[in-house]
Amino acid sequence: MSIKRLLCISPAGAGAVQSACGKLRGWDLCIVSSIADASRALLQQRYLVGMVLDRGGGHDTEALCAFLRIHWHTRWVGVFESGTMQQPAWRDLASDHLHDFHTLPVSHLLLNHTLGHAHGLADLRERAAPALRFDSSRALTGESPSVVRLRAQIRRIASVSAPVLIWGESGSGKEVTAHEIHSHSPMSDGPFVAINCGAMPASLIQTELFGHERGAFTGAAKEKVGLIESANGGTIFLDEIADLPKDLQVNLLRFLQEKTIYRVGGTRSIPVDARVIAASHIDLQDAVERGSFREDLYYRLSVIPVSVPPLRERADDLMQLAEHFFSQYCDEKSPQLKGFSNRALQAIRSHDWPGNVRELINRVRRAMVLAEGELITPEDLGLNHIGLGPVSGGLDTSRASAERNIICACLERTGRNISKTARELGVSRATLYRLLSKHSIGVRAAG
Ligand SMILES: Nc1ncnc2c1ncn2[C@@H]1O[C@H](COP(=O)(O)OP(=O)(O)O)[C@@H](O)[C@H]1O
Ligand SMILES: [Mg+2]
């Protein structure tokens, strides 16, 4: 049994906690008097349960709401003076952010029960989807062997200035990888200029990349510095390099060989000291064989080849990435939403992720907006088809399995509340208990 830690925010100090709540038996208590101290405490230690004590005022409800919104991982219980809930700001705070609340004078027995219940639920959720060790400094999230290898490779190649060619499926993290190389390189204080060669109209790409001199063509009233020139002292990232028109491939080759460029309409060569990182989701060697990509440019660019693995090959990272994006976009979610249900995690593990990390981000964000309950379901993720594989065991087994799945889904959606689940399924509580026992589904006493 792990230690049960309770973080208590009480502007009126520790004495107020003691007199209002009595002895909180079995809890390792940390009492702070301000939100700033609570934030510091949460950075140092993980608390599954927190308590907000409002006795004699002293809380800024707006700041408190903002704080609770960020720290949704913790289940919060309120202990308020009897008049507190008359105030609309506190009512909103309680309904949006609190697991439960008690008004003074509180029954110590009931308060201990509420805190214990909050801890039990938070612990269940934590087991289903362990929270991230928060490390915002790491852009390339993941601990799977291939990502660990990729990170080591990035560190090795960051210090040299040779061109890098990154290959990987769309959405797998080529640009993140390029950015990591830049930020570990000696040029990290310089600019990182990203250009998507596929997204730029062919008619504009030359002047965008190389700039132009004043009067170079009709309408060129002023000189323009191109993107390559603007990356001087830093890194230029050429995304979807296979889409670069062939005539511009010659210009790029010249830049790689001579480290100088000519603006359109210009005659002077301009030295540019920028590292080149190119990326492609198609195999450039194939493009060379097909004749759409210059072989000499290919060899120049691919001095250091780097391959970013597709997400389906790093299944170990799925949970961590899903949690990472859930935290990243937590401002967009409803305050009640606490995380992923077990079925959602299972659906994430079973999906093939053809759109890679970008698809995962999109599905998680969409689910965070759509989710109505406390936990994200496979339906919220748009992955509800998962699990409908070939039928095995005949109709009876399939029917029983479907019945079990629906009950589990409904329990998750209602936060394992028996009354709500029974209502949603259109059965009595007694029938629901019978079904729970039939399918060996365990629930903690709630509702
Ligand atoms: N390992 C990762 N950790 C965190 N975010 C990632 C990771 N890989 C990709 N992303 C995110 O996924 C999205 C797609 O990544 P990106 O580098 O643009 O892919 P690509 O260039 O291969 O299409 C971006 O929002 C990026 O921040
Ligand atoms: Mg990209």
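Fair warning: this is a prediction, and the values are worked out from it, not measured in the lab. Order of listing sets the numbers, starting from 1, for every ligand and every atom in it.
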Checklist entry - Is the ring centre of Trp90 less than 6.0 Å from the ring centre of Phe101? => result no
Next on the checklist: Just to be sure I'm reading this right: ignoring hydrogens, which of Lys174, Gln328, Arg358 gets closest to atom 18 (O) of ligand 1? Compare them by their nearest heavy atoms.
Outcome noted: Arg358
Item to check | Location of contacts on Phe325 toward ligand 1, heavy atoms closer than 4.0 Å | outcome: side chain
Item to check | Contact atoms of ligand 1, heavy-atom distance to Ala139 under 4.0 Å | outcome: 2 (C), 3 (N), 4 (C), 5 (N)
Checklist entry - Within a radius of less than 6.0 Å around NE2 of His113, do more than 12 heavy atoms belonging to other residues, nucleotides or ligands occur? => result no
Item to check | Side chain, backbone, both or neither: the part of Leu321 lying under 4.0 Å from ligand 1 by heavy atom | outcome: side chain
Item to check | Value rounded to 0.5 Å, distance of CG in Leu297 from CG in Leu301 | outcome: 4.5 Å
Checklist entry - Do NZ/NE/NH1/NH2 and the carboxylate oxygens of Glu180 and Arg151 come within less than 4.0 Å? => result no
Checklist entry - Relative to the heavy atoms of Glu175, which atoms of ligand 1 are at a distance of less than 4.0 Å? => result 17 (O), 18 (O), 21 (O)
Item to check | Asn356 and ligand 1 - part of the residue with a heavy-atom distance under 4.0 Å | outcome: neither
Item to check | Residue Glu169 vicinity, atoms of ligand 1 by number, heavy atom under 4.0 Å | outcome: 22 (O)
Next on the checklist: Using a 3.5 Å cut-off on N or O atoms only, is Ser170 in polar contact with ligand 1?
Outcome noted: no
Item to check | Donor-acceptor pair, side chain of Lys174 and main chain of Gly168, under 3.5 angstrom | outcome: yes
Item to check | Ser172 to ligand 1, any heavy atom closer than 4.0 Å | outcome: yes
Next on the checklist: Polar contacts were defined as any N/O atom of the residue lying under 3.5 Å from an N/O atom of the ligand; does this apply to His324 and ligand 1?
Outcome noted: no
Item to check | His212 side chain to Gly226 backbone, donor-acceptor under 3.5 Å | outcome: no
Item to check | Least distance between heavy atoms, Leu381 atom then Arg363 atom | outcome: O-NH1, 2.8 Å
Checklist entry - So do the side chains of Val357 and Phe325 get within less than 4.5 Å of each other, counting heavy atoms only? => result yes
Item to check | Results of side-chain hydrogen bond (donor to acceptor under 3.5 Å, both in side chains) for Arg314 - residues two or more places apart only | outcome: none
Checklist entry - Charged N to carboxylate O under 4.0 angstrom, Glu213 versus Arg263? => result yes
Checklist entry - By residue and atom, what protein N/O/S atoms are less than 2.8 Å from the Mg ion (ligand 2)? => result Asp239 OD2
Next on the checklist: Please report whether ligand 1 has a polar contact with Gly171, defined as an N or O pair separated by less than 3.5 Å (distance criterion only).
Outcome noted: yes
Item to check | Which atom of Phe210 lies closest to which atom of Leu252, heavy atoms considered | outcome: CZ-N, 4.0 Å
Item to check | Minimum non-hydrogen distance to atom 27 (O) of ligand 1, winning option of Leu150, Val176, Val147 | outcome: Val176
Checklist entry - If you measure from atom 25 (O) of ligand 1 to every heavy atom of Val357, Ile361, Asn362, which option wins on shortest distance? => result Ile361
Next on the checklist: Would you say the rings of Trp72 and Phe326 are close, in the sense that their centroids are separated by under 6.0 Å?
Outcome noted: yes
